[in-house]
Amino acid sequence: MNVKTRFPPSPTGFLHIGSLRTAFYNFLFAKKHDGTFLVRVEDTDRERLVEGAVESLIRTLETVGITYDEGPILVNGKLAEKGPNGPYTQSHRLEIYKEHAQMLALQGSAYYCFCSKERLEELRNQQTIAKLQTKYDRHCLKLDKEEISRRLAARESYVIRLLIPDGETTFHDEIRGNITISNSEIDDQVLMKADGFPTYHLAVVVDDHLMGVTHIIRGEEWISSVPKHVILYKAFGFPMPLFAHLPLILNADKSKLSKRQGDVAVEDYLAKGYLPEALVNFVALLGFNPTGDREIYTVQELIDAFDLSRVNKSGAVFDRTKLDWMNGQYIRSIDSSRLFELVKPFWGTASGLEDTQKEKILAVEKERLTTLGELAQRAQMYLELPDYTAETLVWKKADAQDALMHLKNLETLMGSIDLSSRELIEGAIKKYIGDNGYQNGNVLWPMRVALSGQAQSAGPFDLLWVLGKEEGLTRIHTAITKLAS
Ligand code: GLU
Ligand code: ZN
C-alpha cells in the first residue's frame, strides 16, 4: 500500500505544541513507509480565521524541518501550492463540498433542513429541560421533493444534514483497538452550513478521500468525531482509511495542557531560543519512545523506530524541565556552524561583534546555556565590564591582600603567556599555581571575577581566551585599582 498521511491545521495564528507532535508523527510515519505527506489548510470556520496564519504556519514547519510533499507553500513570500491534489485550502474547494453534499441528499443519506435558528434553540431548550439528549428532531426529514425545490427556489436559508442510520458504528483505531458506539447517540450532523461552507466533518472526509489519504493520525480530541466520519465514508462508498488517535498532552498535574498561547505556541518557544532539533525530539517522546533507555534521538532514528502500535494510550506529561534539559543538550552537541546560524537573532547588544569573537563567546557560553535567549545577557559582559564591588574579588577562604597580590602577579604573567588557545592559558596559570604551591581558589577566583565582573560566570581561562590580552589586562588592572583604593 502507498502510505499517505496528512496534517490539516486550522489557521488560528500559531502552531500548538500538540499540533507539532501530530505533524511530526505524520511525517515520521510517511517517511518510515516511503509514503507521502500532505498539509491542508482547514479554514471553513470563518470566525476563527487569522490574517497571515497560513504563511506563519508554513514558515514554522520549515524551521522545525517538517517537510511535506503536497500542500501550501511560499514562493517569494507569496502563497502558492505544490502537489497534484489541490487546491489544498478548503475555502477554495467549496464547489466540491457542495456537489458531495447534494449527492448524498439525492441518494437519501442526507437531507435539506430549513429550520430557523429560533426553532432549533427552542428545541434544545425543551430537550434540556426534559433532561433529554439534545439532538435535531428530524422535522425536515418529512419534506417532500416539491416542497424542497420550492423553498430552494425561493432562496430560503438551509443546511444539509447527514441522516444517521439506525444501528451501531464500529471502527478500529491503531492505538486503541476497536471502538463501537450506538448510532442513537449521534446527532444528524450538519454537513453544509447556511453560508455555503461545509462543516469540518464533511470537508475532512471528502478531502481525505480525494487526496488519497490512507492513515489519519491526529489527537485524541478528534476520536468522538470518527463515527460520523465512518458513516460518511460508507454513505459515499469511499474505502475506509486507518485511524490512529494520539494520547492527550497533559500538564505536570495531569490536567489537560494549557491553551494559553505563551505556554504552547511553537513560535514562542523558537523565539525564546529553543532549538528546532530539541523541540521535535521533545515532542516525539510525548507518547512514544523508541528504545526506552535514552532521550536524544536523531530524526532518522525516530523514522526507523516509529510504529503506531508502540504509541501509548495514556496521556503524556509535558515536562518543561525535561525540555530545558534537552535544549541544553542540543546547544552543546549540535554542529557549531549550525549553532552559529541558529543563534544569529539572539546576540542582542553584542550583535555588532566580529564573527571570530562571536564564535569564541559561543564556544565558551554554550556550556551553560539553557536557551539561546539567554545569550544576549551573557554576551553583554564581554562588551562591557559590569560594575562590581571590590569584595566580590575576594575568595571566601582568602582576604583582599591575597587577592591583590595574585592579581598583580597575573598582570606580570600576562606579559609572557600565549593567549591563542584555552589550553595554553590554562597551562600557564596552573604552572604559576603549582610552582608556588598556591590553592586554585586563591588565584582563580579573583582572576575570574576581575575578568567577568560577576560572581558567577564562565571559567577564568575561557574568559581570558575570549577577551584577549589587551582587554584582559585592562580588566585585571581595574580590579587591582579597586582593591588598592
Ligand atoms: N482542522 C482540524 C484541526 O484543527 C483537523 C483535525 C483532523 O486532523 O481531522 O486540528
Ligand atoms: Zn429542519
Side-chain angles (χ1 to χ4, degrees), residues 4-27 29 37-50 53-54 57 71-72 88-91 93 105 110-124 135-144 147-148 151-152 156-163 171 173 187-194 197-209 211 213 215-230 232-233 241-246 248-249 259 264:
K4 190 165 196 176
T5 60
R6 48 39 140 213
F7 174 58
S10 298
T12 52
F14 66 95
L15 182 62
H16 191 283
I17 199 96
S19 302
L20 176 67
R21 180 191 61 176
T22 301
F24 193 47
Y25 280 17
N26 277 283
F27 165 89
F29 190 79
F37 172 44
L38 70 87
V39 170
R40 181 172 68 227
V41 176
E42 301 206 330
D43 60 348
T44 58
D45 188 347
R46 308 307 284 170
E47 276 152 37
R48 290 173 63 212
L49 291 191
V50 174
V54 178
L57 177 86
Y88 294 92
T89 297
Q90 288 187 330
S91 60
R93 302 171 62 81
Y111 59 97
Y112 290 86
C113 167
F114 297 91
C115 291
S116 66
K117 245 200 210 115
E118 293 71 33
R119 177 173 188 277
L120 294 174
E121 218 161 275
E122 176 60 28
L123 176 66
R124 202 172 315 119
K135 232 173 132 181
Y136 181 61
D137 62 355
R138 297 191 168 169
H139 178 77
C140 293
L141 185 57
K142 309 170 195 74
L143 302 179
D144 60 34
E147 179 167 3
I148 294 169
R151 293 175 76 166
L152 288 177
E156 267 189 57
S157 170
Y158 70 94
V159 301
I160 297 180
R161 289 181 183 274
L162 178 62
L163 178 61
F171 66 94
D173 183 272
D187 201 0
D188 281 357
Q189 173 66 48
V190 172
L191 301 176
M192 282 300 285
K193 297 184 278 189
F197 279 79
T199 55
Y200 157 70
H201 304 284
L202 175 66
V204 81
V205 167
V206 168
D207 287 348
D208 283 338
H209 170 70
M211 295 179 181
V213 170
H215 289 72
I216 295 179
I217 304 169
R218 63 186 162 198
E220 186 182 297
E221 63 271 30
W222 300 101
I223 204 164
S224 58
S225 299
V226 181
K228 287 174 186 170
H229 300 177
V230 168
L232 271 169
Y233 275 98
L242 288 163
F243 295 100
H245 289 83
L246 308 173
L248 288 177
I249 302 181
K259 279 215 163 27
V264 294

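Just so it is clear, the structure is predicted and the values come from calculations on it, not from any experiment. Whatever order the structure lists them in is the order used to number ligands and atoms, beginning at 1. In what follows, residues are counted from 1 in the order of the sequence shown. Side chains are part of it too, since the values below use all heavy atoms of this structure and drop only hydrogens, waters and symmetry mates.
- Taking the six-membered ring for Trp and the full ring otherwise, His215 and Phe29 have centroids separated by under 6.0 Å.
- Annotation: ring-ring contact (aromatic ring centres under 6.0 Å, His included) contacts of Phe27 (sequence neighbours excluded): Phe24.
- When all heavy atoms of Leu57 and Phe7 are compared, the pair lying nearest together is CD1-CE2, 4.5 Å.
- Proximity of the aromatic rings of Trp222 and Phe243 is defined here by a centroid distance below 6.0 angstrom, and this criterion is not met.
- Checked against the 6.0 Å centroid threshold, His139 and Tyr111 do not count as a close aromatic pair.
- Between the Asp173 side chain and the His245 main chain, a donor and an acceptor come within less than 3.5 Å of each other.
- The only member of Arg138, Arg161, Lys228 that meets salt bridge (charged side-chain N to carboxylate O under 4.0 Å, His left out) when paired with Asp188 is Arg138.
- Here the Zn ion (ligand 2) has protein N, O or S atoms under 2.8 Å from it, and they come to 4.
- With contacts defined as side-chain heavy-atom distances shorter than 4.5 Å, the pair Leu162/His201 does not qualify.
- Every ring-ring contact (aromatic ring centres under 6.0 Å, His included) that Tyr158 has, sequence neighbours left out, goes to Tyr112.
- The 4.0 Å heavy-atom shell around ligand 1 contains residues Arg6, Pro8, Ser10, Glu42, Tyr200, Val204, Arg218, Trp222, ordered by chain and number.
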